[in-house]
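Down below is the structure, laid out as structure tokens.
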Amino acid sequence: MEEMTKHGRIGVAAMKADMDRKTARKYLESGQLPSEQRKDRSYRTRPNPFEEHWSELVSKLTDAPGLQAKTLLEDLIERYPDQYNEGHLRTLQRHVRQWRAQAGPERELSLPQCHRPGEGAQLDFTNATELGVTIAGQLLEHLLCVLVLPYSNWGWATVCLSESLAALRRGLQRALFQLGRVPRYLQTDNSTAATHKIPPGKHEKDARSGRTFNRDYLALVRHFGLEARTTTVGAKEQNGDVEARNGKLKSRLEQALLMRGSRDFASRDEWQAFVDAVNRKQNAARQPRVAEELSQMRELSVSKLPEYSEVTARVSEWGTIRIQNNGYSVPSRLMGHELRVRIYEDHIEGYFAGKQEFSYERLKGRGGRRIDYRHVIWSLVRKPGGFERYKYREEMFPSPTFRQAYDAIHSPHAGIKGDVIYLRILHLAATTVEHDVEVALRTLLDNKKPIESERVKQLVHVPAPTVPELAKPEVDLAGYDSLLAEVGT
């Protein structure tokens, strides 16, 4: 039709439209497009295989609208095996879908909301390991704690290692102090940090969702003057703004990483700075609506909370403490004492009498343990008979080389004698430099020489410290005499 308006030659127009001349003439005479000439058919091209039992199926669907077509077909096959088979599934699914659209029950709709400036914020965690970021060559398994203002879509993201209260606290504080203002409420999903681990009588319900908050989470949001809210269980769309931000943020980070040409960073702080730069760029386009939100918010007038929680732990007779269902060893001199332990998101710190005694990477999950052989080696050397069935025996091999050395020692020296030799070598590693001892063991293993504690000690060869000789300085007081003379005059 477009070609006909140019030159009026039906043959040329049909050829350019890639159709037969007679077909082109039919469309021109009708004055309608092909899509306008299509008519719905009111007849079937093949018999309805469910016609005989369709009334039964409708009755079941009316009584239980949640029934699936597959369940109905399995029932029909069981009752009428000669009439129905698995090949009828797609047809029945189409029939059921059509029945639901024409005569099924009313369905719950998602209701789009009009957000008000400065009213609230949404917070959520999203998995960021899929970005493939590495720290000094090691894959970083981590999350992003994302906070979004729904009205302006201003957002901020914090690199976290877990979906814990410590991570939530850090993510919330970084976002609020970056913003400099505080909305009226904070909405999260039903995360462990906000709604789990609730002591008896130490909780409060969200009037909107009916969920209960734990005491620590309530203390956090009240510090900033926020109202705590959660989404209804199973209603992720109520946090739709932050859910959408998660996907867009990770897409932008992926593109930024591709432009950077490398996914390796020197430290987590460097990766966090990279994420912050991407967020600032993403927020820059929203400044007019952000300014409108800021004008409706309260000024942030409180100080930052410590990014840790503190507990007390008594050191057991094994020289260990238990922190959040994981075990850690401590120096044996602390046995029986009570320590104050600060639990950060990624590490823990132990204090005794106000002095920091240790700092360890925090273990994830439950039932884990971190046993440092330096804390127990003195006791093992004194009681080598306990090494064979020692509960933490596997932690006494700092590297595969030490394990190979232990096996090599036990070839000629079975039993407690071999244990004594190995424990002396391990004691040497604890009192000198572990790497030097490992190099000595590797040298003996590679040269197929017997491993003895004295031989290893000779290879390590720790020189005795020497005290440098300092020349006694000559003190000349003449300069002071001249200074005093000038003052007197």
Side-chain angles (χ1 to χ4, degrees), residues 1-4 10-11 13-114 122 124 126-127 130 189-190 208-211 230-248 250-251:
M1 288 181 180
E2 184 180 345
E3 289 295 325
M4 286 294 291
I10 189 170
M15 182 180 64
K16 290 191 174 182
D18 193 23
M19 67 174 61
D20 187 83
R21 183 188 182 98
K22 293 189 293 295
T23 305
R25 185 177 296 280
K26 180 183 69 173
Y27 290 140
L28 288 171
E29 290 176 351
S30 68
Q32 292 180 320
L33 297 173
S35 58
E36 295 173 330
Q37 297 182 13
R38 192 175 299 123
K39 296 180 180 179
D40 294 333
R41 53 182 170 81
S42 58
Y43 57 90
R44 292 185 176 276
T45 58
R46 67 189 68 179
N48 179 4
F50 301 101
E51 185 172 2
E52 182 181 351
H53 302 101
W54 181 243
S55 59
E56 295 181 28
L57 298 178
V58 169
S59 177
K60 291 180 182 295
L61 286 169
T62 303
D63 294 339
L67 279 173
Q68 296 179 354
K70 187 173 183 179
T71 306
L72 294 170
L73 182 59
E74 288 173 352
D75 178 63
L76 288 174
I77 293 173
E78 185 177 343
R79 291 190 291 138
Y80 311 106
D82 298 333
Q83 192 171 348
Y84 300 102
N85 56 62
E86 294 291 342
H88 291 113
L89 178 59
R90 293 290 297 275
T91 303
L92 183 56
Q93 286 175 333
R94 188 167 58 252
H95 279 59
V96 170
R97 185 166 58 250
Q98 185 175 349
W99 175 86
R100 286 198 171 114
Q102 294 176 336
E106 296 293 330
R107 300 180 64 183
E108 183 178 347
L109 300 174
S110 296
L111 304 177
Q113 301 292 296
C114 295
Q122 296 178 5
D124 188 32
T126 184
N127 191 340
E130 61 198 60
D189 59 12
N190 295 278
R208 298 170 68 253
S209 68
R211 298 286 290 179
T230 64
T231 60
T232 305
V233 177
K236 293 176 64 176
E237 69 278 1
Q238 293 179 4
N239 247 13
D241 292 270
V242 70
E243 294 279 354
R245 175 79 180 206
N246 290 344
K248 291 177 182 177
K250 286 192 283 188
S251 177

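This one's a predicted model, so the numbers in the text were calculated from it and none came from an experiment.
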Q) After noting the C-alpha distance and the side-chain angles of Lys60 and Asp63, does the key distance pass the side chain to side chain contact (heavy atoms under 4.5 Å, CB included) rule? A) CA-CA 5 Å; Lys60 291 180 182 295; Asp63 294 339; 6.0 Å; no
What distance separates [X] [atom1] from [Y] [atom2], expressed to the nearest 0.5 Å?
{"X": "Asn48", "Y": "Thr91", "atom1": "CG", "atom2": "OG1", "result": "8.5 Å"}
{"X": "His53", "Y": "Asp75", "atom1": "NE2", "atom2": "CG", "result": "10.5 Å"}
{"X": "Leu57", "Y": "Phe50", "atom1": "CG", "atom2": "CZ", "result": "7.5 Å"}

(Q) For the CD atom on Glu130, are there more than 12 heavy atoms of other groups (residues, nucleotides or ligands in this structure) within a distance under 6.0 Å? (A) yes
(Q) Closer than 4.0 angstrom, basic N to acidic O: yes or no for Arg79 and Glu74? (A) no
Within the distance-only criterion (no hydrogens, no angle test), does the side chain of [X] pair as donor or acceptor with the backbone N or O of [Y] below 3.5 angstrom?
{"X": "Ser30", "Y": "Lys26", "result": "yes"}
{"X": "Lys16", "Y": "Gly11", "result": "no"}
{"X": "His88", "Y": "Asn85", "result": "yes"}
{"X": "Ser251", "Y": "Gly247", "result": "no"}

Got [X] and [Y] here, is their nearest side-chain heavy-atom distance under 4.5 Å?
{"X": "Thr62", "Y": "Val58", "value": "yes"}
{"X": "Arg100", "Y": "Arg97", "value": "no"}
{"X": "Glu52", "Y": "Gln83", "value": "yes"}
{"X": "Leu67", "Y": "Val96", "value": "no"}
{"X": "Gln68", "Y": "Thr71", "value": "yes"}
{"X": "Thr126", "Y": "Val242", "value": "no"}

Taking all non-hydrogen atoms of both residues into account, name the closest pair between [X] and [Y] and its distance.
{"X": "Ile10", "Y": "Arg21", "value": "CG2-NH2, 3.3 Å"}
{"X": "Ala69", "Y": "Gln93", "value": "CB-CG, 3.5 Å"}
{"X": "Glu3", "Y": "Ala13", "value": "CB-CB, 3.6 Å"}
{"X": "Lys70", "Y": "Leu89", "value": "CA-CD1, 3.7 Å"}

Q: Could you list the residues that satisfy side-chain contact (heavy atoms from CB on, under 4.5 Å) with Ile77, not counting sequence neighbours?
A: Leu73, Tyr84, Glu86
